[in-house]
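Residue indices begin at 1 and follow the sequence shown. This structure is a prediction, so every number in the text was calculated from the model and none was measured.
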Amino acid sequence: METLLRSVADGCGESLSGEVLIVSRLKRMDTIVGKLRRPGLSLKLNEMNDIAGCRVILTGQRDVELFYDALVERAPIKPEKGIKNYIECPKDDGYRSIHIITRHSSPGAGLNGLYCETQIRTRLQHAWATALETYDVVGGKGIKFGGGDADEKRFFVLASALFSLTEGTPLSSGIPAVLEELREELRELEKRCLIVEKLRACSGSVTILSSEDLSYAEYFVLDINYELQFTRIYGYAECESDDAERVFFEMERDKGPLRDVLLVKAVSIKNLLDAYPNYSMDIQFFLQCLHELA
């Protein structure tokens, strides 16, 4: 799927206004188990669409629309519920992105009908999602999965709405129709919850560690330790994909609390860090945009 995404990006060429970030990853084991156990969600492992996933991050909403239109013409989209447009119809929590579920087969490996979920979003939509994930890590809130208190949830809904207005996309339900009312409520929530202050205090606090030059690497294993505040990155060349998977599964099996392990494919270490800034808590872009707009 990643090869197809890069081909689509190349085909769009100069029609796009800026850089296209494309990465792929395997879902973490604890996330898979958590999703299977989620209340009210009757789901079997072989029914999950996002164990394998790709992420495409574009400069703005027009770029998202151009890329999306080009992709749906070529992608082997899952017939039922293959596209979920959370930009046109944002989730109640403020999440915005387009999800496309595709089916793939690898006859040589004896595998057929495998699912992959691709997320397509703008840089601003990505900054919001990153900030929410970071806040969940800092406070152990689990807002992404329905946790957190009402004020915290409302803050992120309104922040998403503010970004929606900037990008000219539909708002979630229950949002003040007047911009100044939205800003005023957002400021009041910040006084009560100090969400921005907490995010600013932790931004960039996780050190990225690597003992080697990773310019050759296309597969990356991230070992994230939130307690000691470092992320150690191991790089592997294209021909070492089996080694990368082996190390990932060994670390995933042995990791304890306050640790995450991630296996990601990216064309460069820069693309990797740009696509996953939450693993270094680098959320300066979100804080800057929120300050300018609110």
Side-chain angles (χ1 to χ4, degrees), residues 1-2 23-39 41-55 101 104-106 108-119 129-130 132-147 205-212 214 216-266 269 271-273 275-282:
M1 185 61 186
E2 184 185 356
V23 294
S24 58
R25 62 101 184 99
L26 287 178
K27 206 174 191 69
R28 301 192 307 270
M29 189 64 67
D30 55 347
T31 306
I32 293 173
V33 172
K35 187 169 185 177
L36 292 173
R37 291 176 175 174
R38 198 176 302 171
L41 186 64
S42 178
L43 187 67
K44 297 179 181 178
L45 182 62
N46 64 353
E47 296 172 338
M48 290 187 67
N49 299 315
D50 59 348
I51 291 178
C54 294
R55 179 173 291 166
I101 299 168
H104 307 268
S105 296
S106 179
L111 300 173
N112 294 290
L114 303 178
Y115 295 133
C116 177
E117 181 182 78
T118 298
Q119 301 172 353
T130 295
L132 177 61
E133 291 175 2
T134 300
Y135 189 73
D136 276 349
V137 169
V138 171
K141 300 293 185 175
I143 297 175
K144 182 178 178 180
F145 302 108
S205 63
V206 175
T207 302
I208 301 294
L209 301 177
S210 176
S211 59
E212 58 179 317
L214 297 178
Y216 68 92
E218 292 193 32
Y219 287 89
F220 301 89
V221 176
L222 285 70
D223 179 9
I224 307 109
N225 189 315
Y226 294 115
E227 182 178 15
L228 300 180
Q229 294 191 310
F230 70 78
T231 295
R232 190 177 299 278
I233 301 177
Y234 303 88
Y236 301 85
E238 173 73 28
C239 61
E240 299 174 310
S241 60
D242 289 344
D243 292 334
E245 290 184 9
R246 176 182 52 79
V247 170
F248 166 70
F249 286 118
E250 288 176 355
M251 288 186 176
E252 175 76 18
R253 182 192 60 215
D254 297 334
K255 75 181 181 69
L258 294 178
R259 270 186 76 195
D260 275 335
V261 181
L262 200 69
L263 173 60
V264 179
K265 188 173 189 294
I269 184 69
N271 275 29
L272 170 73
L273 297 177
Y276 290 94
N278 50 307
Y279 291 111
S280 63
M281 297 190 181
D282 183 8

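- Judged purely by atom type and a 3.5 angstrom limit, Asn225 has no side-chain atom pairing as donor or acceptor with the backbone of Phe230.
- Here the closest non-hydrogen pair linking Val247 and Tyr236 is CG2-OH, 3.3 Å.
- Among the candidates Glu245, Arg25, Met251, the single residue satisfying the side-chain contact (heavy atoms from CB on, under 4.5 Å) test with Leu263 is Glu245.
- Here Glu238 pairs with Lys265 in a salt bridge; the nearest charged N to carboxylate O distance falls below 4.0 Å.
- Here Glu240 contributes atom CD and Tyr216 contributes atom OH; the two are 6.0 Å apart, rounded to the nearest 0.5 Å.
- Between Leu209 atom CG and Arg232 atom CZ the span is 5.0 Å, to the nearest 0.5 Å.
- Each of Thr130, Val264, Thr231 was compared with Tyr276 under the side-chain contact (heavy atoms from CB on, under 4.5 Å) criterion, and only Val264 meets it.
- What you find for Gly53 and Cys116 is that their closest heavy atoms are CA-SG, 4.1 Å.
- Here the closest non-hydrogen pair linking Ala237 and Tyr219 is O-CD1, 3.9 Å.
- When the options Val261, Asp260, Val137 are evaluated for a side-chain contact (heavy atoms from CB on, under 4.5 Å) with Ile224, the one that passes is Asp260.
- Residues Leu273 and Asp282 form no side-chain contact, since every pair of their non-hydrogen atoms from C-beta on lies 4.5 Å or further apart.
- With rounding to the nearest 0.5 Å, the separation of CG in Asp243 from OH in Tyr234 is 14.5 Å.
- Annotation: the span from Ser24 atom OG to Arg55 atom CZ amounts to 11.5 Å, rounded to 0.5 Å.
- Looking at Leu272 and Leu222, their side chains come closer than 4.5 Å, going by heavy atoms from C-beta outward.
- Ile269 contributes atom CD1, which lies 4.0 Å from atom CD1 of Ile233 (distance to the nearest 0.5 angstrom).
- Using a 4.5 Å cut-off on side-chain heavy atoms (C-beta onward), Tyr135 and Lys141 make contact.
- Nearest heavy-atom pair across Asn271 and Val23 is O-CG1, 4.2 Å.
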